[in-house]
Amino acid sequence: MITGGAGFIGSHVVRLFVKKYPDYKIINVDKLTYAGNLGNLKDIENLPNYKFIKADIVDLEDMRKIIRDEKIDGIIHLAAESHVDRSIKDPFTFAKTNIMGTLSLLQAAKEYWESLPEKFEGKLFYHISTDEVYGALEITAPEGVEPPFTTEASSSDHLAYGTEFFVETTKYDPHSPYSASKASSDHFVRAYHDTYGMPTIVTNCSNNYGPYQFPEKLIPLFINNILQGRALPVYGKGENVRDWLFVEDHARAIDTIFHKGKTGDTYNIGGFNEWRNIDLIKVLIKTVDKLSGKPEGSSENLITYVTDRPGHDMRYAIDSRKLQKELGWEPSLQFEEGIEKTVKWYLENKDWVDNVTSGDYEKYYDKMYKNR
Ligand code: NAD
Ligand code: DAU
């Protein structure tokens with residue numbers, strides 16, 4: 001069972017599992033909120049080992065029924081409200097889905113698995129979380145050095161904006177309603193492991209990008225805005241740093257961890273790929289201009305500095321060496337390559353963008369960016 005399989009990351013996970021494991025029956029459970037779109041899965045929707053069920057994870061009775069009827073033995077839980085800006089406007093929806101939804105799923109899985117003769121054996125509840133639960137890192141550098149600088153944290157020539165990284169034992173310190181709700185759900189998952197012996201795994205991943213991401217997150221929003229000649233709303237001074245991972249690399253990591261990860265354990269997932277927002281935005285502008293036939297860099301005049309996001313975390317940077325060493329996973333793509341692939345996808349899939357932005361998107365856009 002994959003929850004949130006109609007969303008951005010979930011659809012890549014569903015596609016990977018349905019294609020790679022024809023002997024598995026993959027049940028995609030999704031409420032289809034504004035962020036969920038079955039159009040993300042058109043290419044696999046008719047395959048015999050795939051089934052979609054529309055349901056709300058908050059509904060305990062529905063979760064009990066699905067898990068029992070479908071004889072679920074493994075859960076990869078991605079369903080969530082995922083956008084920080086929305087969580088600032090509406091924290092309750094985030095608490096409901098991310099905390100209560102996760103709790104319903106945990107409880108329904110526990111009840112069903114405990115009713116079986118073999119109980120928890122061969123079962124797994126795999127919870128997908130975020131690096132944002134660790135809070136914010138600072139931009140720092142060793143004496144006499146200007147960031148970004150090379151670090152030993154990665155074997156590649158990784159440039160870092162600070163001397164510290166999030167590791168699996170970093171203390172939780174969430175700042176936004178989104179990350180607070182994700183942190184709470186992570187704690188519930190670990191509590192079910194420690195209290196009831198549920199076989200669980202939690203992973204915390206850095207920022208994802210790639211095809212099928214809803215155009216409210218930085219990269220798809222800005223690609224769409226550049227194409228439409230709309231302003232690019234850069235929060236604050238654009239100096240915040242994020243650590244970017246191509247979504248298919250995240251899906252591969254999930255596959256590896258689902259099959260080889262140690263139950264009760266936690267893994268950080270990230271590509272050692274830190275970018276200051278403003279530098280990333282300039283690469284994005286260059287790539288979109290080049291691929292859409294405009295003079296390279298000409299869309300830089302769309303950059304508009306706007307009021308900062310409240311509680312805006314300065315820097316995220318994941319140390320994923322545990323995952324790399326213990327399970328052998330590595331990111332496959334260089335960032336510029338991933339960005340080019342992503343921009344090409346958005347250029348070739350304008351219908352998808354038109355479709356997902358046809359509902360309340362303009363109202364949302366005005367609410368977020370008018371008078372900012
Ligand atoms: P998304 O917003 O694109 O998709 C979320 C999906 O969950 C949608 O299909 C939506 O319909 C579904 N959903 C929402 N509420 C639901 C409910 N109550 N019941 C059933 N389904 C519901 O999110 P995403 O970016 O793909 O993120 C997926 C998961 O990965 C989330 O748990 C998120 O916290 C985590 N994560 C995301 C990133 C990232 O950069 N996007 C990074 C690390 C971790
Ligand atoms: O780190 C993992 C997290 O990454 C995930 O858990 C979240 O689900 C996902 O949304 C993402 O959170 P961020 O807040 O980092 O992503 P977002 O794309 O919203 O913003 C990336 C950076 O760009 C951040 O510093 C804020 C900035 N930004 C964002 C938007 C939407 C802007 O400057 N302008 C914008 O319009």
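In listed order, ligands and their atoms are each counted from 1. Nothing fancy with the numbering, it's 1 onward along the sequence.
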Shortest protein contact, atom 4 (O) of ligand 2 (heavy atom only):
Asn207 ND2, 3.1 Å
Counting from 1, what ligand 1 atoms have a heavy atom of Asn207 closer than 4.0 Å?
40 (O)
Of all protein heavy atoms, the one nearest atom 44 (C) of ligand 1 is Ser129 O, 3.2 Å
For Glu138, look at atom CD and say whether over 12 heavy atoms of other residues, nucleotides or ligands are found less than 6.0 Å away.
no
Using distance alone, determine whether Val29 and ligand 1 share an N or O pair under 3.5 Å.
no
Measure centre to centre between the rings of Phe188 and His127, then say whether the value is under 6.0 Å.
no
Would you say Phe8 has any N or O atom under 3.5 Å from an N or O of ligand 1, going by distance alone?
yes
Would you check if the distance from the ring center of Phe125 to the ring center of Trp113 is below 6.0 Å?
no
Location of contacts on Leu221 toward ligand 2, heavy atoms closer than 4.0 Å:
side chain
Cut-off 3.5 Å, side chains only: do Tyr235 and Asp85 have a donor facing an acceptor?
yes
Residue portion contacting ligand 2 (non-hydrogen atoms closer than 4.0 Å) for Asn277:
side chain
Charged N to carboxylate O under 4.0 angstrom, Lys262 versus Glu326?
no
Output yes when Lys286 and Asp289 qualify as a salt bridge under the 4.0 Å nitrogen-oxygen rule, no when they do not.
no
Just to confirm my output: which protein heavy-atom neighbour is closest to atom 24 (C) of ligand 2, and how far is it?
His312 NE2, 3.4 Å
For the residue pair Tyr192 / Gln107, report whether a side-chain donor-acceptor contact shorter than 3.5 Å exists.
yes
Take atom NZ of Lys294 as the centre, draw a 6.0 Å sphere, and report whether it contains more than 12 heavy atoms from other residues, nucleotides or ligands.
yes
Atoms in ligand 1 with a heavy atom of Thr33 nearer than 4.0 Å
10 (C), 11 (O), 14 (C), 15 (N)
Under 4.0 Å to a heavy atom of Ser206 - the qualifying atoms of ligand 1, by number
42 (C), 43 (C)
Please work out whether any backbone atom (N, CA, C, O) or any side-chain heavy atom from C-beta onward of Asp131 is under 4.0 Å from ligand 2, and answer side chain, backbone, both or neither.
side chain
In terms of side-chain geometry, is the basic nitrogen of Glu111 or Arg68 positioned less than 4.0 Å from the acidic oxygen of its partner?
no
Does Tyr178 reach ligand 1, in the sense of a heavy atom lying below 4.0 Å from it?
yes
Sidechain N-carboxylate O distance under 4.0 Å for Glu70, Lys25:
yes
Report, in ascending order of atom number, the atoms of ligand 2 lying under 4.0 Å from any heavy atom of Thr130.
1 (O), 2 (C), 3 (C), 5 (C), 6 (O)
Give yes or no for whether the N/O distance cutoff of 3.5 Å, strictly under, is met between Asn208 and ligand 1.
yes
Check whether any heavy atom of Ala55 sits under 4.0 Å from an atom of ligand 1.
yes
Ring center gap for Phe17 and Phe258 short of 6.0 angstrom
yes
Atom 20 (C) of ligand 1 has as its nearest protein heavy atom Lys31 N, 3.2 Å
Taking non-hydrogen atoms only, is Asn204 closer than 4.0 angstrom to ligand 1 via side chain, backbone, both or neither?
neither
Under 4.0 Å between heavy atoms, the region of Tyr316 that gets near ligand 1 turns out to be neither
Aromatic Tyr364 / basic Arg86 pairing, under 6.0 angstrom, 45° off normal
yes
At what distance is the nearest protein heavy atom to atom 29 (C) of ligand 1, and which residue and atom is it?
Leu78 O, 3.2 Å
Atom 3 (C) of ligand 2 has as its nearest protein heavy atom Glu132 OE2, 3.0 Å
Part of Lys217 within contact of ligand 2 (heavy atoms, under 4.0 Å):
both
Purely on distance, is any nitrogen or oxygen of Asp56 under 3.5 Å from one on ligand 1?
yes
Using a plain distance cutoff, I'd like to know if Tyr178 has any nitrogen or oxygen under 3.5 Å from a nitrogen or oxygen of ligand 2.
yes
If you compare Gly101, Gly4, Ala80, Ser82 by their heavy atoms, the one closest to atom 5 (C) of ligand 1 turns out to be Ala80
Would you check the N or O atoms of Trp244, main chain and side chain alike, for any that come under 3.5 Å of an N or O of ligand 2?
no
Salt bridge check, Lys31 against Asp56: does any charged N sit closer than 4.0 Å to a carboxylate O?
yes
For atom 18 (O) of ligand 2, what is the closest protein heavy atom, and at what distance to 0.1 Å?
Leu218 N, 2.8 Å
Answer with side chain, backbone, both or neither: which part of His77 has a heavy atom less than 4.0 angstrom from an atom of ligand 1?
neither
With heavy atoms and a 4.0 Å threshold, my read on which part of Glu216 contacts ligand 2 is backbone
Could you tell me whether Lys344 and Glu340 have a side-chain N and a carboxylate O separated by less than 4.0 Å?
yes
Quick check on the 6.0 Å ring-centre criterion: do Tyr21 and His259 meet it?
yes
Atom indices of ligand 2, in the order listed, that fall short of 4.0 Å to a heavy atom of His83:
19 (O)
Distance to 0.1 Å, residue and atom name: give those for the protein heavy atom nearest to atom 9 (C) of ligand 2.
Ser82 O, 3.9 Å
I need the nearest protein heavy-atom contact for atom 11 (O) of ligand 1: residue, atom name and distance, please.
Asp30 OD1, 2.5 Å
Tyr34 and Phe214: aromatic ring centres closer than 6.0 Å?
yes
Protein residue, atom and distance nearest to atom 43 (C) of ligand 1, heavy-atom basis
Cys205 O, 3.4 Å
Taking the six-membered ring for Trp, is the centroid-to-centroid distance between Tyr178 and His83 below 6.0 Å?
no
So which heavy atom in the protein is nearest atom 15 (N) of ligand 1, and how far is it from that ligand atom?
Thr97 CG2, 3.5 Å
Mind checking whether Ile57 has an N or O less than 3.5 Å away from an N or O of ligand 1?
yes
Starting from atom 41 (N) of ligand 1, find the nearest protein heavy-atom neighbour and note its residue, name and distance.
Ile9 CD1, 3.7 Å
Could you say whether the N/O atoms of Ser206 and ligand 2 ever approach to under 3.5 Å?
no
Would you say the rings of Tyr172 and Phe166 are close, in the sense that their centroids are separated by under 6.0 Å?
no
Students should be able to answer this: which protein heavy-atom is nearest to atom 32 (O) of ligand 1, and at what distance?
Lys182 NZ, 2.6 Å
